[in-house]
Amino acid sequence: MTARSPVPAPPPEPAAPRGLTRRRLLGTGLAGAGALLAAGTLSGCASPASASGASALSVWDLFQGGDGMLMDDMIEAVSREGRGFDVDRTILDWGPSYYTKLAMSAAGGRASDVAVLHLSRLAGYAPGGLLDPFDLELLAEFGVTEKDFTPAVWARTKHDGTVYAIPLDVHPFIVFYDKEAAGKAGLLDADGELAPMGSPEALLEAGRGLAEATGAAGILFGHVTDTAQNWRQFAAFYAQTGAAFTLPDGGPPRIDVDAAVEVVSFMRRLFDGRTNPNNLDYNGALAAFTSGRGGMAMLGEWELPTLRKSGIPLGAAPFPQVFDRPAVYTDSHSFVLPHQDDPDPARRREAHRYVAEMIKQSLTWASAGHIPAYQPVLATAEYAALKPQSSYAEAGKVAVLDPPNWFTGAASNFQNRMCQPLQSALLGNTTAERAVRQMVREADALLKQPDPVA
């Protein structure tokens with residue numbers, strides 16, 4: 001199965017960095033790993049700034065393509081006007097190897113000053129000593145405090161009550177829709193936005209209405225051979241039931257089987273292979289929606305730049321609530337402090353200042369679809385004017401991430417193993433009951449594996 005990254009494909013590397021002092025793009029294959037080792041950026045080989053001067057703040061992230069250029073713009077913004085940042089930015093391909101390299105560098109205690117981590121991966125890094133905690137008093141000095149974030153997101157920044165991550169964004173799994181088709185189907189409210197669904201039957205009826213309006217499919221969802229899509233959809237619907245899905249160390253998993261079967265049964269009804277196709281892969285669903293062969297698509301908000309190019313009269317909304325409570329499956333790109341054995345106090349202070357300044361630039365980041373995690377930016381008139389981004393901003397208040405455990409989170413084997421039985425159920429190859437039993441077995445098997453960094 002191949003993962004779909006919430007980062008657009010990279011363009012050719014520009015000849016000159018845009019407003020950065022230094023910018024390096026490193027791959028994640030064997031050649032990339034060799035380059036990192038040769039350059040001394042992994043554990044025990046060199047200090048973070050040894051390759052480019054002690055004054056440069058070393059930053060690792062996984063943003064390429066359009067997101068990478070926006071990150072350049074944000075770094076340029078915080079580096080000008082006498083703010084004094086000199087940034088050595090290293091960009092790696094997103095995926096499991098990014099997290100392996102991050103762990104290796106932190107285990108050596110001589111990692112970068114700042115790195116980006118999906119918040120869903122925090123439980124695999126903070127407990128093992130791979131991250132250093134943030135000094136909240138220092139952050140407050142630079143204008144960032146807990147009250148600047150929604151409780152749903154802030155709660156996941158902690159391990160044992162200590163904050164190890166500062167969120168840059170919330171990037172949810174949402175719905176995009178063709179406003180013209182949705183209007184014909186009677187799905188818009190008085191403001192021209194997607195009206196609430198409120199029940200499973202209402203979403204099924206919406207699919208039928210959109211299919212009639214488009215003359216093709218109603219709701220599009222690409223999941224075949226994907227390592228995350230089925231899990232994103234299941235996790236959103238399951239959280240809406242109010243049932244717990246927890247993975248305590250050592251097991252067994254605490255999963256409400258009845259609620260899970262109800263959700264998978266509904267997913268099978270929703271993607272029946274007639275009104276809404278059940279056999280699309282990710283790119284197939286994306287292509288069908290951008291060519292007008294469907295009225296709605298369930299996708300990550302990171303697809304906004306691609307969808308805008310299609311010319312569709314585009315609308316967007318949080319993932320529809322059809323069960324008892326609102327819940328939207330999300331993740332969050334967050335800044336972390338990879339562990340250093342003997343951090344320099346002045347550099348660590350600058351790292352805090354850099355993180356604070358960067359999240360204040362998240363209006364720029366929002367142009368690609370991401371919801372700013374920093375609420376003062378979200379509350380501005382400039383963000384409210386962003387369409388359709390502001391239409392799904394409420395998703396951040398009801399954010400649901402992967403259950404915290406060392407093996408869960410973005411690009412994890414856990415998501416892949418949850419997706420496989422769900423895919424079989426949607427394709428009609430197994431029942432909802434059997435799919436859920438397999439999910440429980442897979443979760444139990446992962447819980448029996450020892451944490452490699454414990």
Side-chain angles (χ1 to χ4, degrees), residues 4 8 172-226 229-230 232-234 236-237 240 263 265-322 328-329 369 387-392 395 422-423 425-428:
R4 173 74 181 192
F173 186 63
I174 64 171
V175 293
F176 290 99
Y177 59 94
D178 183 322
K179 284 201 164 190
E180 183 177 329
K184 289 180 180 178
L187 300 178
L188 302 183
D189 62 18
D191 296 323
E193 302 289 341
L194 190 69
M197 297 293 171
S199 71
E201 292 301 326
L203 188 54
L204 292 169
E205 182 60 32
R208 290 188 286 268
L210 289 167
E212 184 176 349
T214 62
I219 302 173
L220 300 166
F221 173 59
H223 69 100
V224 176
T225 73
D226 193 276
Q229 281 286 92
N230 276 311
R232 290 166 179 154
Q233 187 184 91
F234 170 85
F237 283 136
Q240 290 179 9
V263 167
S265 298
F266 172 64
M267 290 168 63
R268 283 166 54 93
R269 291 179 65 202
L270 182 61
F271 295 98
D272 57 3
R274 297 183 295 275
T275 302
N276 308 319
N278 68 345
N279 60 350
L280 297 176
D281 64 14
Y282 193 102
N283 290 324
L286 196 61
F289 184 64
T290 56
S291 61
R293 291 180 282 128
M296 179 183 289
M298 293 181 169
L299 295 164
E301 50 75 21
W302 51 86
E303 295 297 351
L304 178 60
T306 298
L307 299 181
R308 274 184 166 151
K309 297 174 185 177
S310 69
I312 293 170
L314 190 65
F319 196 78
Q321 179 190 346
V322 300
V328 177
Y329 179 79
K387 300 295 181 182
Q389 291 94 314
S390 57
S391 300
Y392 53 83
L422 289 168
Q423 174 181 290
L426 262 64
L427 292 175

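Everything numeric here is computed off the predicted structure, so don't read it as measured data.
Under the side-chain hydrogen bond (donor to acceptor under 3.5 Å, both in side chains) criterion, Lys309 pairs with no residue, sequence neighbours left out. By the side-chain hydrogen bond (donor to acceptor under 3.5 Å, both in side chains) test, Ser391 pairs with Glu193, sequence neighbours left out. Remark: Gln321 pairs with no residue by the side-chain hydrogen bond (donor to acceptor under 3.5 Å, both in side chains) rule, at least two apart or across chains. Scanning for side-chain hydrogen bond (donor to acceptor under 3.5 Å, both in side chains) contacts around Tyr329 gives Asp402, Gln415, with sequence neighbours left out.
Between Gly207 and Thr275, the shortest heavy-atom distance links the atoms O-CG2, 3.3 Å. Leu286 and Glu303 get closest at one heavy-atom pair: CD2-OE1, 3.9 Å. Ala285 and Leu220 make their closest contact through O-CD1, 3.8 Å (heavy atoms, listed as atom of the first residue, atom of the second, distance). The nearest pair of heavy atoms linking Pro172 to Tyr392 is CG-CD1, 4.5 Å.
A donor-acceptor pair is defined here as one N or O able to donate and one able to accept, closer than 3.5 Å; no such pair exists between the side chain of Ser390 and the backbone of Lys387. Side chain of Asn230 to backbone of Gln233: no donor-acceptor contact under 3.5 angstrom is found. With hydrogens and angles disregarded, a donor-acceptor distance shorter than 3.5 Å links the side chain of Asn276 to the backbone of Leu270.
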side-chain contact (heavy atoms from CB on, under 4.5 Å) for Leu187 and Leu194? Distances and angles first, verdict last. CA-CA 6 Å; Leu187 300 178; Leu194 190 69; 4.0 Å; yes
After noting the C-alpha distance and the side-chain angles of Tyr282 and Val224, does the key distance pass the side-chain contact (heavy atoms from CB on, under 4.5 Å) rule? CA-CA 7 Å; Tyr282 193 102; Val224 176; over 6 Å; no
Is there a side-chain contact (heavy atoms from CB on, under 4.5 Å) between Arg268 and Asp272 once you walk through the steps? CA-CA 6 Å; Arg268 283 166 54 93; Asp272 57 3; over 6 Å; no
Do Phe289 and Ile219 pass the side-chain contact (heavy atoms from CB on, under 4.5 Å) test, and can you show the C-alpha distance, the side-chain angles, and the key distance before you say yes or no? CA-CA 9 Å; Phe289 184 64; Ile219 302 173; over 6 Å; no
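When side chains are defined from C-beta on, Arg308 counts as touching Pro388, because their heavy atoms get closer than 4.5 Å. In this structure the side chain of Phe176 never reaches within 4.5 angstrom of the side chain of Thr290, judged on heavy atoms.
Residue pairs meeting the side chain to side chain donor-acceptor pair (under 3.5 Å) criterion with at least one member in residues 196-217, sequence neighbours excluded: Glu201-Arg269, Glu205-Arg208. Residue pairs meeting the ring-ring contact (aromatic ring centres under 6.0 Å, His included) criterion with at least one partner in residues 177-199, sequence neighbours excluded, are absent. Pairs engaging residues 278-292 under the salt bridge (Lys or Arg N to Asp or Glu O under 4.0 Å) rule: none recorded [sequence neighbours left out]. Applying the ring-ring contact (aromatic ring centres under 6.0 Å, His included) test to every pair with at least one member in residues 187-222, sequence neighbours left out, gives these pairs: Phe221-His223, Phe221-Phe271.
The distance from the CG atom of Leu426 to the CG atom of Leu280 is 11.0 Å, given to the nearest 0.5 Å. One distance of note links CD1 of Ile174 with CD of Gln389; it measures 9.0 Å at 0.5 Å rounding.
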Atom pairs and distances, donor-acceptor, side-chain atoms in residues 310-319, under 3.5 Å, two or more places apart:
| from | atom 1 | to | atom 2 | distance (Å) |
| --- | --- | --- | --- | --- |
| Ser310 | OG | Leu307 | O | 2.6 |
| Ser310 | OG | Ile312 | N | 3.3 |

Considering only distance and modelled atom types, tabulate donor-acceptor pairs under 3.5 Å from the side chains of residues 293-301, sequence neighbours left out.
| from | atom 1 | to | atom 2 | distance (Å) |
| --- | --- | --- | --- | --- |
| Arg293 | NE | Ser291 | OG | 2.8 |
| Arg293 | NH2 | Ser291 | OG | 3.3 |
| Glu301 | OE1 | His370 | N | 3.0 |
| Glu301 | OE1 | His370 | ND1 | 3.3 |
| Glu301 | OE2 | His370 | ND1 | 3.0 |

